[in-house]
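Worksheet: the structure to be examined is printed underneath.
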Amino acid sequence: MKYDFASIEQKWQKRWDEEKTFAAKNGDSRKKFYALIEFPYPSGQGLHVGHPRPYTALDIVARKRRMEGYNVLFPICFVDDAPPTENYAIKNHMHPRTVTENNIANFTKQLKMLGFSFDWDRCVDTTDPKYYKWTQWIFLQMFKHGLAYKSSMPVNWCTSCKCVLANEEVVNGFCERCGAPVVRREKSQWMLKITEYAQRLIDDLDDVDYIERVKTQQKNWIGRSTGAEIDFATTEGDMLRVFSTRADTLFGATYMVMAPEHALIEKWADKLENLDEVREYQAAAARKSDFERTELQKDKTGVELKGVRAINPVTGTEIPIFISDYVLASYGTGAIMAVPAHDERDWEFAKKFGLPIIEVVKGGDVEKEAYVDCDKGVMVNSGFLDGMSVEEAIETMKRWLEEHHLGREKVNYKLRDWVFSRQRYWGEPIPLVYCEKCGWVPLPESELPLMLPDVKSYEPTDNGESPLAHMDDWVNTTCPHCGGPARRETDTMPQWAGSSWYFLRYMDPHNDSALVGKDAIEYWNQVDWYNGGMEHTTLHLLYSRFWHKFLYDIGVVPTKEPYAKRTSHGMILGLNPHNFANLPAEEQERLVKEYGSEAGAKKYLVEKFGEMASHPIVKMSKSLGNVVNPDDVVKTYGADTLRTYIMFLGDFEKAAPWQDNAVKGCKRFLDRIWNLAENRLEGDEYSAANEREIHRTIKKVGEDIENMKFNTAIACLMSLVNQFYEHKPSRGDIRALLTLVSPFAPHIAEELWELQGFEGMACQAAWPQYDEAKTVDSEKEIAVQVNGKLKTTVVIPMDADDETVIGIATADEKIKRLMDGMHLVKTIVVKNKLVNLILKPCK
RNA sequence: GCCGGCGUGGCGAAACUGGCAGACGCAAGGGACUUAAAAUCCCUCGGCCUUUGGCCAUACGGGUUCGAGCCCCGUCGCCGGUACCA
C-alpha cells in the first residue's frame with residue numbers, strides 16, 4: 001500500500017475536529033500549559049510559507065505537553081490589521097467586514113490543512129462587539145486612572161493611510177505598513193501614558209524567560225539614561241532647564257540650544273531682535289518630515305536668539321542661545337547645554353557658527369574633532385573639578401548643583417507616550433463624549449460596547465478627521481454626566497488595542513460579564529510560552545506588557561507579566577533567481593563563456609538586475625517570483641512533509657532559505673517510516689539491536705524540542721529510521737518511533753498507530769521515557785592524539801580509568817611506532833573522549 | 001555611528017562546558033533491481049599529495065593552551081535593531 005498522504009491527512013483532521021481532541025478544559029485537575037503564537041493578519045494573499053514555521057514549532061511543543069499529561073491551551077484567532085484591510089476594501093468597493101470575513105475563512109481553511117492542534121472553539125475576533133466591549137472597558141479604566149489623556153502635539157502623519165501613527169510604527173521616516181512618507185502634523189490626540197511604566201517595563205524583564213535579544217531590544221527602545229537636570233539663569237530672568245548625562249563638562253558649556261518648538265521662545269518673542277528669522281526657522285522645521293530631518297543630519301542649521309543670553313552657573317559667563325532642530329522637543333527638557341569639545345553634534349554646530357570650544361577633559365585634540373570617549377580622561381579648565389577623573393567629576397558636580405539648588409539627578413527615557421487615536425473608520429470607537437460643560441466624559445460601562453456604526457463612506461479624509469465625524473446622528477449625543485448636548489469622539493483605536501489583551505480572552509472566550517472570569521484567570525494564570533516575530537518586540541510585545549501591568553494594578557490579573565517565556569523565529573527567505581550561484585549549470589556556463597569569466601558573468605547580472613543580484617538569499621517577493629505557497633507544497637508532498645521540512649531546514653531562530661528540492665528529503669523520510677510500519681509488526685518489547693538507539697533518541701528529541709533545536713531532533717529521528725532499516729524493528733520499537741514523530745508529522749503517525757493496532761490515538765499516547773543507563777554503550781571509541789594531533793582511535797571500556805586508557809593507547813601498533821625513540825613526558829585523558837600523549841625525543 | 005547576532009564542503013546545516021570538524025538532509029557520481037524510466041535499496045562524496053600513509057582546511061592576521069570552529073586581541077564582510085535621545 002502506498003503512503004497516501006492526502007486522504008490520511010483529511011481523515012485525521014476530520015477526526016480531531018469531530019472529537020475535539022485538542023480542546024482545553026478550564027479548571028481541569030491536570031497541570032496546565034498555555035502555548036501562544038501570534039495570529040496571522042488575515043490579508044487577502046492568504047498564508048505565506050513563513051507562517052507555518054512558528055506555528056509548527058509551538059504545535060510540536062503543545063503536542064508534546066499533552067503527551068506528557070498537561071491540560072494544554074493552544075488557541076488561535078484572527079486579529080484584523082486595520083489599515084491594510086480598509087485599504088483593500090476601499091480599492092475593491094467592499095465593506096471591511098466582508099473583506100475580513102472572507103480572509104478569515106481562507107486562513108482557517110489553510111491552517112486546518114496543516115494539522116495544527118489549535119482549540120478552534122476558543123477563536124476570538126477582536127472586531128466583534130462582544131470582544132471590543134472589553135477593549136473599550138480597559139480603555140475607560142485607563143482614562144479613569146489618568147493614563148489616557150488628550151493632547152495636542154506634533155504627531156507622525158502617514159500621507160497614504162491619512163492617519164496618525166505611533167512612534168513604533170514609523171520606520172526610517174516611512175509608514176511601517178504602507179511605506180509612504182510620514183510627515184509631522186500638529187494634532188489633538190488620545191495618548192496612553194506608557195512612560196509611567198517605563199521603569200517597570202525594564203525591571204520586570206529580570207523575572208521573565210525571554211530570549212536575550214528581545215530583552216535588549218526592549219531595553220534599548222525604552223532607552224533609560226541617568227544624568228542631571230541643570231538650571232541656567234537667563235538675562236530675561238526665566239530659568240532655562242536642560243538635561244545632561246555629562247554634568248562634569250559644565251565648565252565647557254559655551255552656548256545653549258533649544259528645540260524650535262520650545263515654549264520659552266514665545267515668551268521671549270517681544271525681546272528677540274531677529275524674531276522674523278526665528279519664525280522662519282520654526283516654520284521650516286515644522287514642515288520637515290522625519291525623513292528629511294534625519295537625512296540632513298550632517299548639516300547643522302540653527303538661528304541665534306538675539307537679545308537673550310544664558311549664564312553658565314559655574315563660570316558666570318554669558319553665553320548665546322540658539323534654536324536648532326538637532327535638539328528634540330520631545331526628549332529631556334527640549335533644551336541642551338552645548339559642550340562642543342566633548343560632543344560631536346555640538347562640535348559641528350560650534351564650528352559652523354564660530355563658537356568657542358573649551359577643552360575640559362584632557363586627552364583629545366578638540367580643535368580637530370570632539371573628544372567624546374573620554375571616560376578615562378582628567379578634568380582641566382574646570383575650576384574645582386580640575387585633576388579629577390570624569391566619574392569623580394560627575395558625582396562632585398551633582399553634589400555641587402544640589403547644594404546650590406541649580407540641579408538634581410534625573411533619569412530620562414527615550415520611550416514616548418503611546419499615540420492612541422486613529423482617524424480611521426475600521427477600528428474600535430473610543431467610548432468618550434465631549435461636553436462643553438463637563439469636558440471629556442466616559443460612557444457608563446452599561447452602555448458598552450459602543451458600536452461602530454454602519455457607514456456608507458469610510459474613506460479617510462484629507463483634513464485628518466475620522467470618517468465617523470460626518471455621521472451627525474452618531475456623533476451628536478447627550479452628556480452622560482449633565483445630560484446636555486455632547487459630541488462623541490470620532491477617532492478610533494489602533495489595531496494594537498485589541499491585540500494587547502487577546503491572550504486573556506482565550507482563557508474564557510465567551511464570558512459576557514467580564515473580560516476574563518476569575519476562575520479562568522486563576523487557573524490559566526499567564527502564558528507559559530509565547531513565540532512571535534522580532535518585528536513585534538517594540539510594538540505589540542511592549543504594548544501588551546504595559547496593558548497587563550495596568551490590569552495587574554487594578555486587580556484584574558494575578559501576574560505582573562503576561563508571558564513567562566518569549567521566543568522568536570527567523571524568517572523564511574527565498575533563493576534569488578538572479579544570483580549567479582542559483583542559476584542552472586547550463587546558464588552559468590553560457591554566461592561565463594559570453595562574459596569571459598565568472599566574475600564577468602556576475603558583473604553582468606548586477607548590471608542587469610541591480611545590486612540585489614549579488615545576494616544569493618533574499619526575502620521572498622512577487623517580483624522575483626520566488627514566493628512559495630503552502631497550498632502547493634501540501635498538494636505535492638502533504639502537510640506532514642511541509643511541517644517536517646520547515647522545522648528541519650535550519651536553526652529555528654535564524655533566517656533560512658526555502659529550497660524546493662530539499663523538501664524531497666523530508667518526504668523520503670516519511671515514506672521510509674511508512675514502509676517500515678505499514679504491516680503489523682511483532683514483539684512489544686524493544687528489540688535488543690535497537691534498544692540503545694531508541695533510548696538515545698527519546699532523550700535527544702525530548703531535549704531538542706525544549707531547546708527549540710527542531711532541526712537536530714528531526715536529524716536524530718532520521719538516524720533512528722536508518723537504524724531500523726539495518727535492524728528490523730519490533731512493534732515496540734515502532735511504537736516509540738511513532739510517539740516521537742507524532743508532534744512533527746501527526747497525520748502519518750496516527751495512521752500507522754492505527755495500522756499497528758495501538759490503543760487510542762498517537763497524539764494521546766504517553767510521551768516515552770528513557771533510561772539513562774540504557775543510552776550508553778559498554779565500550780567507547782576514543783581519539784588518541786600525539787602532541788595534540790589526532791593519530792588514531794582505540795576502543796576502551798566505558799568509563800575506564802586513566803591508567804587503563806593510557807595502557808590501551810600505548811599498546812596500539814601505530815602509537816607504538818610513533819613512540820619509538822621518544823619518551824612520554826605527559827598524558828592528558830578526557831574521560832570517554834580522548835587521550836593526548838606528549839612525546840619528546842630521548843636524548 | 002551605536003547595540004545585538006553571524007561568517008564551517010557544491011548547497012541547507014551539525015558539533016555539549018575548549019576534546020575525533022562536517023551528524024542529518026539536498027545535489028552529484030557509481031552499483032543493484034527493471035525491457036526501459038521513475039521509485040526503491042546499497043556504496044562514494046572538504047581539498048591536495050609521492051594514498052597500508054601524510055599534509056592543508058571552520059572569513060582574514062595574531063595570541064593563550066597538551067589541544068581552538070568555540071576563549072583573547074586586531075581586521076574584513078554579511079544580517080537584524082536603532083539613530084541628532086544630549
Side-chain angles (χ1 to χ4, degrees), chain A residues 2 171-172 212-221 223-225 227 242-246 249 257 293-294 296-298 300 324-328 330-339 342-346 348-349 372 412-416 534-535 537-538 570-571 573 575 581-582 585 615-617 644-645 648-651 653-666 668-669 671-672 675 703 709 711-719 721-722 725 781-793 814 825-839:
Chain A
K2 220 178 130 257
V171 178
N172 290 330
E212 214 44 50
R213 57 195 170 126
V214 169
K215 286 192 184 182
T216 2
Q217 248 182 60
Q218 288 216 342
K219 281 182 199 160
N220 289 347
W221 185 260
R224 178 194 155 101
S225 63
V242 301
F243 172 74
S244 173
T245 53
R246 294 293 306 276
T249 61
V257 187
R293 270 205 179 194
T294 47
L296 300 169
Q297 77 180 229
K298 274 178 199 101
K300 296 277 179 292
S324 172
D325 63 5
Y326 88 85
V327 171
L328 305 175
S330 48
Y331 183 75
T333 62
I336 61 154
M337 64 178 205
V339 184
H342 303 286
D343 182 284
E344 240 172 83
R345 297 152 301 179
D346 297 347
E348 274 171 40
F349 192 87
V372 180
N412 263 328
Y413 302 90
K414 285 195 226 172
L415 185 69
R416 310 290 154 78
M534 285 307 288
E535 71 275 18
T537 304
T538 52
M571 248 194 299
L573 304 173
L575 296 181
N582 296 330
H615 300 278
I617 293 166
T644 309
Y645 175 65
F648 180 66
L649 90 176
D651 185 332
E653 295 200 54
K654 290 193 195 126
W658 178 277
Q659 296 194 91
D660 265 326
N661 60 10
V663 182
K664 270 185 270 182
C666 291
R668 250 174 235 162
F669 164 61
D671 281 335
R672 280 161 68 81
N675 293 340
E703 288 171 358
K709 301 275 175 206
N711 52 339
T712 49
I714 292 167
C716 183
L717 287 167
M718 287 172 169
S719 296
V721 168
N722 293 346
Y725 270 73
E781 189 183 68
I782 66 159
V784 183
Q785 296 183 339
V786 171
N787 295 338
K789 288 217 170 228
L790 178 73
K791 290 299 167 186
T792 188
T793 61
K814 191 173 168 189
V825 204
K826 193 179 171 186
T827 55
I828 294 131
V829 179
V830 182
K831 202 174 179 186
N832 295 331
K833 288 238 164 97
L834 142 160
V835 54
N836 188 5
L837 309 168
I838 311 303
L839 301 180

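Chain letters run A, B, ... following the sequence lines, proteins first, then strands; residues in each count from 1.
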Which residues share a side-chain contact (heavy atoms from CB on, under 4.5 Å) with A:I617, sequence neighbours left out: A:L573, A:L575, A:P657
Between C1' of B:U82 and CD of A:Q217, the distance in whole Å: 9 Å
Where the chi angle of B:G54 falls, syn if within 90° of 0 and anti if not: anti
Spacing of A:H615 atom NE2 relative to B:C79 atom C1', expressed in whole Å: 10 Å
Rounded distance in Å - NZ (A:K791) to P (B:G53): 12 Å
Whole-Å gap separating P (B:C11) and CH2 (A:W658): 21 Å
Interatomic distance at C1', B:G62 relative to B:C2, whole Å: 27 Å
Presence of A:K814 side-chain N/O under 4.0 Å of B:G54 phosphate oxygens OP1/OP2: yes
Spacing between A:D346 atom CG and B:G1 atom C1', to the nearest angstrom: 16 Å
Closest listed nucleotide, where the reference is the side chain of A:A656 and the choices are B:C55, B:A86, B:A13: B:A13
Residues which pass salt bridge (Lys or Arg N to Asp or Glu O under 4.0 Å) with A:D651, listed by chain and number, not counting sequence neighbours: A:K654
Set of residues satisfying side-chain contact (heavy atoms from CB on, under 4.5 Å) with respect to A:S324, sequence neighbours excluded: A:V257, A:Y281, A:Y326, A:F349
P spacing across the pair B:G61 / B:A68, given as an integer number of angstrom: 15 Å
Sub-4.5 Å side-chain heavy-atom contact between A:D343 and A:I336: no
Between B:G67 (C1') and A:K826 (NZ): distance, integer Å: 10 Å
Earlier contact from the 5' end, RNA chain B, for A:Y645 and A:K709: A:Y645
Separation between the P atoms of B:C56 and B:A21, rounded to whole Å: 13 Å
Nearest-angstrom distance, P atom, B:G25 to B:C79: 32 Å
Separation between the P atoms of B:G46 and B:A32, rounded to whole Å: 24 Å
By side-chain contact (heavy atoms from CB on, under 4.5 Å) - contacts of A:K833 (at least two apart): A:V830
Between P of B:C79 and CE of A:M534, the distance in whole Å: 17 Å
Side chain to side chain contact (heavy atoms under 4.5 Å, CB included) evaluation trace for A:Y331 with A:R416: CA-CA 9 Å; A:Y331 183 75; A:R416 310 290 154 78; 3.8 Å; yes
Sugar-phosphate, base or nothing in reach of A:N412, heavy atoms under 4.0 Å: nothing
Nearest-Å distance for atom pair CG/C1', residues A:N787 and B:G54: 16 Å
All side-chain hydrogen bond (donor to acceptor under 3.5 Å, both in side chains) counterparts of A:N582, not counting sequence neighbours: none
For A:N711, all residues meeting side-chain contact (heavy atoms from CB on, under 4.5 Å), sequence neighbours excluded: A:K709
A:Q217 side chain vs A:T538 backbone, donor-acceptor pair below 3.5 Å: no
Residues which pass ring pair (Phe, Tyr, Trp, His ring centres under 6.0 Å) with A:F243, listed by chain and number, not counting sequence neighbours: none
Sugar-phosphate only, base, or nothing, as touched by A:R416 at under 4.0 Å among non-hydrogen atoms: base
Atom P, compared across B:A37 and B:G29: separation rounded to whole Å: 14 Å
Check: A:Y645 side chain, A:Q659 main-chain N or O, donor-acceptor pair, under 3.5 Å: yes
Pairing string, 5' to 3', for RNA chain B - Watson-Crick or wobble contacts under 3.5 Å, brackets [ ] where pairs cross, | to another strand: (((((((..(((......[....))).(((((.......))))).((((...))))..(((((..]....))))))))))))....
Touch class at under 4.0 angstrom, heavy-atom based, for A:K789 against every strand present: sugar-phosphate
P spacing across the pair B:G80 / B:G63, given as an integer number of angstrom: 35 Å
Presence of A:Y331 side-chain N/O under 4.0 Å of B:A86 phosphate oxygens OP1/OP2: yes
Contact pattern, 5' to 3', of nucleotides 18-32 of chain B - B, S or - by protein heavy atom under 4.0 Å: -BB--BBSSS-----
Results of ring pair (Phe, Tyr, Trp, His ring centres under 6.0 Å) for A:W221 - residues two or more places apart only: none
Sugar-phosphate, base or nothing in reach of A:S225, heavy atoms under 4.0 Å: sugar-phosphate
Within 6.0 Å of CD in A:E344, more than 12 heavy atoms from elsewhere: no
Can you tabulate the close N/O pairs, meaning under 3.5 Å, that link protein atoms to atoms of nucleotides 2-7 of chain B?
residue	atom	partner	partner atom	Å
B:C3	O2'	A:N220	ND2	3.4

Spacing of the C1' atoms in B:G22 and B:G47 (rounded, Å): 13 Å
Partners meeting side-chain hydrogen bond (donor to acceptor under 3.5 Å, both in side chains) with A:T245 (sequence neighbours left out): none
